[in-house]
Amino acid sequence: MIEVKNVTKTFDGFKALNDLTLTVPTGAIYGLVGPNGAGKSTIIRHVTGILRQDSGEILIDGNPVYENPAVKSNIAYIPDDVFFFTQATIGDMMKFYRGVFPNFSTERYEKLRKAFDLNEKAKMRSLSKGMQKQAAFWLTVCMCPKVLVLDEPVDGLDPVMRRQVWSILMSDVAENGTTVLVSSHNLRELEDVCDHVGIMSEGRLLLEQSLSDLQENISKVQLALPDGGVLPEGLSILHKSSTGRLQTIIVRGGAEEVTNKLATCSPLFMDVIPLTLEEIFIYELGGEHYEVKDIVF
Amino acid sequence: MKSKTSFFSKTLFFNTIKRFWPLFAAYLLIWLIILPLSLNGILSWGLENYENDLSILAAEKVLTQGAVYATIMASAFGLFFAMAAFSYLYSPRSVSMICALPNKRESIFVSQLSTGLAAMFVSNIIVFLITILVESSYGILDMSYLWQWLGIVSLNCLFFYGFAVFCASLTGNILVLPCVYLVLNFTVVVVEIFARAILSGVYYGISSTTAPVLGFMSPIYELLLNKHVTEIGNNSVDGAYRAIGYEFQGWPTLIIYGALGAVFVVLALLLVKHRRMETAGDVVAVAPLKPIFKYCMALGCALVLGVVMNSTIFYNSNNYLGYGSIAILLVCMLFGAFIGYFAAEMLMQKTLKVFAGKTWIGFGISCLVIIVLMLSCEFDIFGFERNIPEAEEVASVSIHGSFDGITLENPENIQSVIDLHKSVVDNKAIYENYRENIGTGTDVYLHPDYNGSSSYADNEPLSIDYSLKNGKMLSRHYVLYYDATDDCAALNDIINCREAVDYRKLLDIPVTEENFSMGYIRYLDTVTGEYQNYDLSSEEAVKLYNDCIVPDIEAGSMGNVWLSTEHSKVNGRAYFSTVYDCEIYIELLQRKGEVDYRYDSSRTYLTVDAENTLAWFEKQDIKPSMMGVGPVSDKAGDSKAA
C-alpha cells in the first residue's frame with residue numbers, strides 16, 4: 001500500500017504539493033489524473049524516492065521511501081521522459097538493472113523478448129521515442145516490482161503496443177498483486193484499466209475513490225420537462241446543458257437517488273446515461289475553476 | 001523494513017567506468033607520453049650526447065617536469081572526471097533515473113567518486129611501474145625520485161579531484177561546473193590583485209604591484225607558479241657547474257592540499273546527501289548559497305570591472321588617487337556591480353527579465369556596501385593609514401626602493417624609519433597635491449639634465465616592511481617626491497647608516513684565498529679615457545678586501561648610496577664629486593663537502609674618501625676617472641649601486 005500523508009513540497013516559493021494525502025491500496029491500479037501543473041509528476045517523484053518532501057510522510061507498506069533502498073528495490077518507475085545512458089543498448093541497460101535491482105528476472109526478460117520486438121543490440125538513443133518506451137516497459141516488468149509507478153506510460157506508443165503493454169501490466173497485477181500508480185491524461189485508457197482514481201488540482205487531491213464508487217456517485221441524466229416545469233431543489237448539479245426541450249444534467253449522487261428526486265417534477269422523458277471518467281474529470285474540475293471555457297473566435 | 005546500509009554499488013561503479021573509459025584512457029595515455037615514453041626518448045638521446053650522469057637527467061625529467069605536469073594533469077582531468085562521474089546530477093531525467101534506484105545517496109556518491117579516484121590512481125601506478133621498467137632498462141633506476149613523483153601526482157589528484165567534486169555539488173548545471181571550478185581556483189589571488197589595485201587608489205600606503213600574499217589559497221596558482229623543485233648543483237674541480245640532484249620542497253604545501261581535497265570530498269558528500277534533486281539544471285544547487293552567489297558576483301564584478309574600466313576607459317592609474325579620480329572609480333565599480341548582480345539574477349532565474357520589483361533592493365544593498373566601503377577607506381575610518389608601530393613593537397624593518405633593500409634591527413635605526421614613516425604620512429596632503437599637479441600637467445618637475453635615465457627621476461618609491469615582535473607583518477608603500485619634502489634626504493641618511501652599509505656591503509663568507517672564486521676591477525682610465533679591466537688574483541683580492549675596503553666601509557667612506565645624483569648628498573658631498581667610475585667586484589664560493597656550498601659577492605665603488613683603498617690603487621698604478629666623466633650610458637644607475 002502506498003500512503004501519502006499531508007505532503008507539502010515547495011519549489012522556489014511555489015507550492016507544488018499542498019498538504020496532499022492519498023492512499024493506493026495494495027494490488028490496486030490507481031489512476032492519478034489532473035490538469036497540467038496539478039502536481040502529478042511531483043508526487044510520483046516523491047513516491048519513487050527521487051525528491052524529498054518539505055513535510056509529511058510517504059510510506060510503502062508502512063515504511064518510508066526516501067533513502068530506503070530496501071523499499072525502493074521493490075519499486076519500479078517509468079517516467080514520462082525515459083532516460084538511458086547515451087551509449088547503452090537494451091542489453092546494456094538490462095545488465096545495469098540486473099545489477100541494481102535484486103529481484104530482476106532474466107527469465108522474464110527472455111520470455112518477454114517476443115512481446116517486444118526490439119533490437120537488443122541497437123543503441124537506445126537510435127530508437128524512436130515509442131520504442132524507448134517499449135524497452136522501458138520490458139525492463140521495468142522484469143524488475144518484478146511490488147509497486148509500479150508510471151508517469152504517462154503509453155505516451156508515444158502505437159495503439160497495438162498500448163494494448164500489449166496494458167495487457168502485460170494487467171496480467172502482472174493479476175499474477176503478483178502488484179500495486180500500480182499511474183498518471184495519465186488519457187482518461188479513456190485509464191478508465192479501462194484503473195480500479196481507483198484520484199483527481200489532483202493545484203497540489204491537492206480533490207477526490208479519491210474507487211472508479212465504480214466514483215461512477216456511482218455522479219449521474220448523467222437526460223430529461224425533458226413539461227412546459228413550465230423546473231428542476232427540483234436540493235440537487236447538486238455539476239453541469240447543465242439543453243438542446244430544445246431536452247436537458248442533460250450531471251448531478252452528484254447515485255442513479256436511484258437522483259432519478260427519485262427528478263421524478264418529483266414529472267419529466268416527460270428521463271434516462272440515466274453511464275458517465276465516462278473524462279466527464280467526471282471535467283465536471284469535477286469545473287468546480288475548481290478549471291472548466292472548459294466557451295471561446296468564440 | 002530497514003535498509004541495509006551499503007556505501008558502494010559495484011554496478012554503478014563499473015557502469016560509469018564503462019561509459020567514460022575513453023576519458024580515463026586519455027589520462028593514462030597522456031601520462032605515458034609525458035613520463036615513461038618521453039623519458040625513454042631523452043635517455044636514449046642522453047646515452048650518446050649527455051656527458052653527466054644519466055640518472056640526473058632522469059631525475060630532472062621525473063621530478064621537475066613531473067611536478068609541473070602533475071598539477072596541470074590533475075587540475076584538468078580532476079575537473080573532467082568529476083564532470084563525468086557526477087554528470088547524473090545535471091539533468092532532471094538522469095537524476096530521476098539514478099535517484100529512483102535502490103541505493104542510498106551516500107552509496108551513489110561513493111560509487112561515482114570512486115570511478116574518478118580509481119581511474120587516476122590506477123593510471124598513476126601504471127605510469128609509475130612502466131617508468132621503473134624504462135629506468136631499469138638503462139640501469140639508472142632511482143626509486144627515491146619515482147616514489148616522490150607518485151606522491152606528488154597522487155596528492156595533486158586527490159586535491160584537484162576532491163575540489164572539482166565539491167564544485168560539482170554546488171551547481172546543478174554541467175556547463176557552470178568548469179566555470180565554478182576555475183573561478184574558485186583563482187578567485188582569492190584575482191580578488192587580492194584587484195582589491196589591492198583599488199585599495200592602492202584610495203588608501204595612502206598600499207602598493208598595487210606587490211606580489212599576492214594569498215596566492216596559497218589559489219591552488220593552481222600556488223602549485224604551478226611557485227616552483228617547489230630545486231636543483232642541487234655543484235662546481236666541480238674543473239670549475240663547471242653541474243646538477244647533482246633535485247629536491248622537492250613543496251611537501252608541506254602539497255600534503256595540506258591533499259588533506260583539503262579529502263575535506264572537500266566530505267563536504268561534497270554532505271551537500272549531495274542533502275541536495276534537493278529538483279535543482280538539476282540550476283546554476284546554484286545549494287539554496288543558502290544563492291544570495292551569496294548573487295552578492296559575490298556583484299562585488300567581484302565591481303572589483304574587476306571597476307579596475308579595468310577605470311584604467312582603460314578613464315585611463316586612471318591605480319596608484320593613489322585624488323577625490324575626483326576616486327569618484328570615477330566608484331562609478332566604474334557601481335557599474336561593475338550592476339553587471340554582476342543582474343547577470344547572477346539572470347543565471348539563477350533563467351530569464352532575462354530580472355529588472356522588476358525586489359531585485360533592485362538587492363542591487364541597492366550591493367551599491368550601498370560598495371559606497372560605504374570605499375568612503376570608509378578614503379577617509380581612513382579603520383585607521384589604516386595612521387597605523388604606524390612603536391619602535392619597541394618592531395623586531396626588524398626592511399626598506400626597499402630603487403636601491404638595494406636593507407633590513408635594520410638596531411632600535412635607533414628602527415626609530416629613524418618610524419620617524420620617516422610618520423613624516424611621510426603627515427605629508428600626505430603635500431604629496432597628493434604635488435602628484436595631482438603633475439597629473440594635470442602644471443608645475444611638472446623635470447630636471448634640466450633629464451635624459452630619460454632613472455637617475456634623473458623626480459621621485460623615489462619606498463616600501464617599508466615591519467616585522468613585529470608579535471609575529472605579524474606590516475607593509476606600506478609610498479612614492480616620495482624630492483622637491484616636495486625633505487623625506488628623501490631622511491631616507492638617504494637611513495640607507496647610509498652604518499648598519500645599512502654593513503648589511504649591504506660586508507660579505508657573510510670569510511674572504512680567504514680558499515673561498516675566493518673570482519674578482520676584477522673595472523674602471524675608466526684617466527690616461528687612455530677607456531674602460532679597463534684588472535683581474536684580481538686571490539692574494540690581491542683578500543688583501544684589498546680585508547685591509548682596504550672593510551676599513552674604508554667601517555670609516556663610512558665607501559659603500560654609500562646616493563638616491564639621486566642631483567638631489568642627494570652623503571656626508572655633505574654630492575655624488576659626482578665623490579665617486580670614481582671604478583667598480584670593485586669580488587665573488588666567493590665556500591664549499592662544505594661535496595654537495596653543500598655557499599655563494600656571495602661584493603660590488604663596491606671607489607670614492608675619494610676611501611684612504612686605504614686609494615692607497616692600494618696607487619700602488620697598483622690604477623688611475624680611475626671620476627664618475628660623470630665617461631659616456632652617459634655608463635652613468636645610469638651607478639648612483640644607486642655605489
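Throughout, protein chains are lettered first and strands after them, A, B, ... in sequence-line order, and every chain is numbered starting at 1. These figures come from a predicted structure and were not determined experimentally.
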query: If you count the non-hydrogen atoms of other residues, nucleotides and ligands that lie under 6.0 Å from NZ in Lys10(B), is the total more than 12?
result: no
- prompt: Which pair of heavy atoms, one from Asp12(A) and one from Lys290(B), lies closest together, and at what distance?
  reply: OD1-NZ, 3.7 Å
- request: With a 4.5 Å heavy-atom cut-off (strictly below), which parts of residues 97-111 of chain A touch chain B? List them by number.
  value: Tyr97(A), Gly99(A), Val100(A), Phe101(A)
message: Quick check on the interface: out of Tyr66(A), Phe84(A), Phe85(A), Tyr77(A), who has the most heavy-atom pairs with chain B under 4.5 Å?
response: Phe85(A)
task: Decide yes or no for Arg52(A) and Met277(B): does some side-chain heavy atom of the first lie under 4.5 Å from some side-chain heavy atom of the second?
output: no
- prompt: If you count the non-hydrogen atoms of other residues, nucleotides and ligands that lie under 6.0 Å from CH2 in Trp21(B), is the total more than 12?
  reply: no
field: Gap separating the NZ atom of Lys72(A) from the SG atom of Cys99(B), nearest 0.5 angstrom
entry: 6.5 Å
task: Would you please test Arg19(B) and Gln87(A) for side-chain contact (heavy atoms from CB on, under 4.5 Å) and show each step?
output: CA-CA 7 Å; Arg19(B) 286 168 63 208; Gln87(A) 297 290 324; over 6 Å; no
message: Test your reading of the model: is there a side-chain donor-acceptor pair from Lys95(A) to the backbone of Asn15(B), 3.5 Å cut-off?
response: no
- request: State, to 0.1 Å, how close Asn103(B) and Glu67(A) come at their nearest heavy-atom pair, and which atoms those are.
  value: O-OE1, 4.3 Å
- line: Taken to the nearest 0.5 Å, the spacing of Thr48(A) OG1 from Met97(B) CE works out to 13.0 Å
message: If I measure from the heavy atoms of chain B, does Val82(A) come under 4.5 Å with its side chain, its backbone, both, or neither?
response: backbone
query: Is the shortest heavy-atom distance from the side chain of Ser96(B) to the side chain of Arg45(A) under 4.5 Å?
result: yes
- prompt: Is any NZ, NE, NH1 or NH2 atom of the basic residue among Glu278(B) and Lys9(A) found under 4.0 Å from an Asp or Glu carboxylate oxygen of the other?
  reply: yes
message: Can you give me the closest heavy-atom contact between Lys104(B) and Pro69(A), atom names plus distance?
response: CG-CG, 3.6 Å
field: Note: Arg276(B)-Asp54(A) ion pair, threshold 4.0 Å (strictly below)
entry: yes
- line: Answer key: most heavy-atom pairs under 4.5 Å with chain B among Ala88(A), Gly49(A), Ser73(A) is Ser73(A)
Approximate separation, where rounding is to 0.5 Å, of Leu101(B) CG and Ile75(A) CD1: 11.5 Å
